[in-house]
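Indexing begins at 1, ligand by ligand and atom by atom, following the structure's order. Worth knowing before you read on, the calculation uses all heavy atoms, side chains too, and leaves out hydrogens, waters and symmetry mates.
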Amino acid sequence: MATSHAAHLNQTAPRLLRNFVGGKFVEGGKPFDVVDPATGQMHAIALEADSAVVDAAVAAAQKAVDGDWGRMTLTARRKLLNAIADGIEARFDDFLEAEIADTGKPHDLAHHLDIPRGAANFRVFADAIANLSTETFEMDTPDGGKALNYAVRKPLGVVGIISPWNLPLLLMTWKAAPALACGNAVIVKPSEETPSTTTLLGEVMAQIGMPDGAYNVVHGFGPGSAGELLTSHPGIRAITFTGETRTGSAIMKAAAPTVKALSFELGGKNAAIVFADADMDEAVAGLSRAVFLNTGQVCLAPERIYVERPVFDRFVAGMKMKAEALKPGHPHDKGVDFGPLISDEHRRKVLDYYKVAVDEGATVVTGGGVPALSGAAAGGFFVEPTIWTGLPHDARVCREEIFGPCSAIIPFDTEEEAIRMANDSEYGLASSVWTTNLSRAHRVGKAMEVGISWVNCWFLRDLRTPFGGAKMSGIGREGGEHSINFYSEPTNICIKL
Ligand code: NAD
Ligand code: 6OD
């Protein structure tokens, strides 16, 4: 039977989201509203951590590193990581409800992507930490003897995790899991827009017997709030951050005086290239998913698509058809596969860009406005999926990250021209090239100035591979051993034999 949103409306008191410090939820802090973007209604209240709470979290985390957590064997630590994954799966529906309430994303998307990846991140890094070696070098010594060098991995200590709102549980656990696998204690500051699943994970940590202080949560905002308190705190050794490029710059500045290690996954203005020899049905299916998944709020989404001229019209027609088949609405309503933007403020930003595109001479192939919805979703922050043609490659909407469900489609005539336009960006996160020519696939895939170059696919993830951005899209790589290398540091032991 169809599920109606009426059954899911918040008829009870809003959930209270407290800070989680030293294994316990703590009272206190200035309350702020958490809004369900699908309805525009407040559904939870979070308590903003002040400097006393952040100090307490840092002290609890350091105590964990120096105590039970830090002394734990690798076998026991791995067991706990797998228990966290089991704990997420055991409370799958609670995580699902919480993620949907915070983001408004369609039920099926959160069900298939966000929550399973939250659990998978812990399993993957429980394995990764067990299967990586460190370096060993035997050397000759000046006196004709030998010495043996070998490296041992050690945790960094207390790690601050600052995460965004678009894939809240997925992106937070993508960093928390390897950090914990390496034996660090973490303090997470989730986005103020989406604090629910990070809080719920605190309950799981307590339930599975995670040592107190290994996982802490502090709620709040960026500047002058919990975010800045973490990035400038002398007790924190590293900050791992996902979010906007300009926020990354601010964090770098705040972290400089205490010389913290930094890992940054930042913004993008990703390009896709479709060659005339591509399987056109696959390209349209793959790239319409890429542009519109999560209402375009995926850092990897292609907001520029370069299409070889002979197939341009066919590709544009296919994208238009896919966009117009999307069904916006309340996440729990049957058939809904297109959610709202995260906030009214973000909707205003995206709608401004929709206007800029028209001012810059775009032909609006489809979309460009706000869909007319009824019922609870009428108060949600929806926009229409939008496709433009007729824009010059250097238009503002082709250069600035919009982070909405929109893309400009631009024709090209030669491979060189396509590569040049794709790489002509200050960002360098991801790309997606579509061709059936194997040599071209490798040649163009390699020519992309990005951290993640997909060919005939998009957002296909093997969690052991390096993930991150070139240019202004990030610093460092995470994934598999890259994560382990960031969240630990080697001590080289040199023994004269
Ligand atoms: P944001 O930078 O506004 O916020 C991210 C987090 O940083 C939030 O928790 C916020 O409270 C905190 N923050 C903000 N200012 C801060 C400061 N001065 N000091 C400390 N913390 C601060 O980003 P967002 O709007 O939440 O997310 C969207 C952005 O994230 C987009 O640019 C998108 O491309 C990017 N993103 C990148 C990746 C990636 O893997 N490269 C993944 C997801 C999102
Ligand atoms: O899949 C991942 O590990 C990852 N970090 C995805 C990022 C998506 C950006 O919105």
Do NZ/NE/NH1/NH2 and the carboxylate oxygens of [X] and [Y] come within less than 4.0 Å?
X: Glu426; Y: Lys269; result: no
X: Glu481; Y: Arg464; result: no
X: Arg399; Y: Asp424; result: yes
X: Glu27; Y: Arg18; result: yes
X: Lys105; Y: Asp114; result: yes
X: Glu400; Y: Lys349; result: no
X: Asp352; Y: Arg348; result: no

Answer side chain, backbone, both or neither: which part of [X] comes under 4.0 Å from ligand 1, heavy atoms only.
X: Asn166; value: side chain
X: Glu192; value: side chain
X: Leu429; value: side chain
X: Thr247; value: side chain
X: Ser225; value: neither
X: Val298; value: neither
X: Glu401; value: side chain
X: Ser163; value: backbone
X: Glu228; value: backbone

Could you list which atoms of ligand 1 come closer than 4.0 Å to a heavy atom of [X]?
X: Gly267; value: 32 (O), 34 (O)
X: Glu265; value: 37 (C), 38 (C), 39 (C), 40 (O), 41 (N)
X: Ile162; value: 6 (C), 7 (O), 9 (O), 12 (C), 20 (C), 21 (N)
X: Leu171; value: 42 (C), 43 (C)
X: Phe241; value: 2 (O), 5 (C), 6 (C), 7 (O)

Is there a polar contact between ligand 1 and [X], counting only N or O atoms under 3.5 Å apart?
X: Lys189; answer: yes
X: Leu266; answer: yes
X: Thr242; answer: no

Do the ring planes of [X] and [Y] sit parallel (below 30°), tilted (30 to 60°) or perpendicular (above 60°)?
X: Phe338; Y: Phe292; value: perpendicular
X: Phe32; Y: Phe221; value: tilted
X: Phe241; Y: Phe264; value: perpendicular

When you measure from [atom] to every protein heavy atom, which one gives the shortest distance, and what is it?
atom: atom 27 (O) of ligand 1; value: Pro164 CB, 3.4 Å
atom: atom 28 (C) of ligand 1; value: Phe403 CE2, 3.6 Å
atom: atom 22 (C) of ligand 1; value: Gly222 CA, 3.4 Å
atom: atom 19 (N) of ligand 1; value: Ile251 CG1, 3.8 Å
atom: atom 20 (C) of ligand 1; value: Gly227 C, 3.4 Å
atom: atom 25 (O) of ligand 1; value: Trp165 NE1, 2.8 Å
atom: atom 36 (N) of ligand 1; value: Cys299 CB, 3.6 Å
atom: atom 23 (O) of ligand 1; value: Glu244 N, 3.5 Å

Report yes or no: do [X] and [Y] form a side-chain donor-acceptor pair below 3.5 Å?
X: Arg117; Y: Asn121; value: yes
X: Glu99; Y: Ser196; value: no
X: Thr366; Y: Glu384; value: no
X: Asn184; Y: Arg237; value: no
X: Lys471; Y: Ser473; value: no
X: Thr199; Y: His219; value: yes

Trp165 ring center near Phe403 ring center (under 6.0 Å):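 Centroid distance Trp165-Phe403: below 6.0 Å, so yes.
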
Could you tell me if any non-hydrogen atom of [X] lies under 4.0 Å from any atom of ligand 1?
X: Ser191; answer: yes
X: Phe467; answer: yes
X: Pro190; answer: yes
X: Gly469; answer: no

Among Phe467, Trp458, Phe459, the one residue meeting side-chain contact (heavy atoms from CB on, under 4.5 Å) with Ile452: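 Of all the options given, the one that passes is Phe467.
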
CG on Leu156 to CD on Glu489, rounded to 0.5 Å: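 It is 5.0 Å, given to the nearest 0.5 Å.
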
Separation of Tyr306 OH from Ser431 OG (nearest 0.5 Å):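 Going from OG on Ser431 over to OH on Tyr306, the span is 11.5 Å.
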
Residues in contact with ligand 2, criterion: heavy atom under 4.0 Å: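 Only Arg117, Asn166, Leu167, Leu171, Trp174, Glu265, Val298, Cys299, Leu300, Phe459, Arg461, Phe467 have heavy atoms that fall under 4.0 Å of ligand 2, ordered by chain and number.
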
Arg461 to Trp174, cation-pi by 6.0 Å centre distance and 45° axis angle: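 Yes, a cation-pi geometry holds between Arg461 and Trp174.
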
Atom 4 (O) of ligand 1 touched by protein (heavy atom, under 4.0 Å):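 For atom 4 (O) of ligand 1 the answer is no, since every protein heavy atom stays at 4.0 Å or beyond.
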
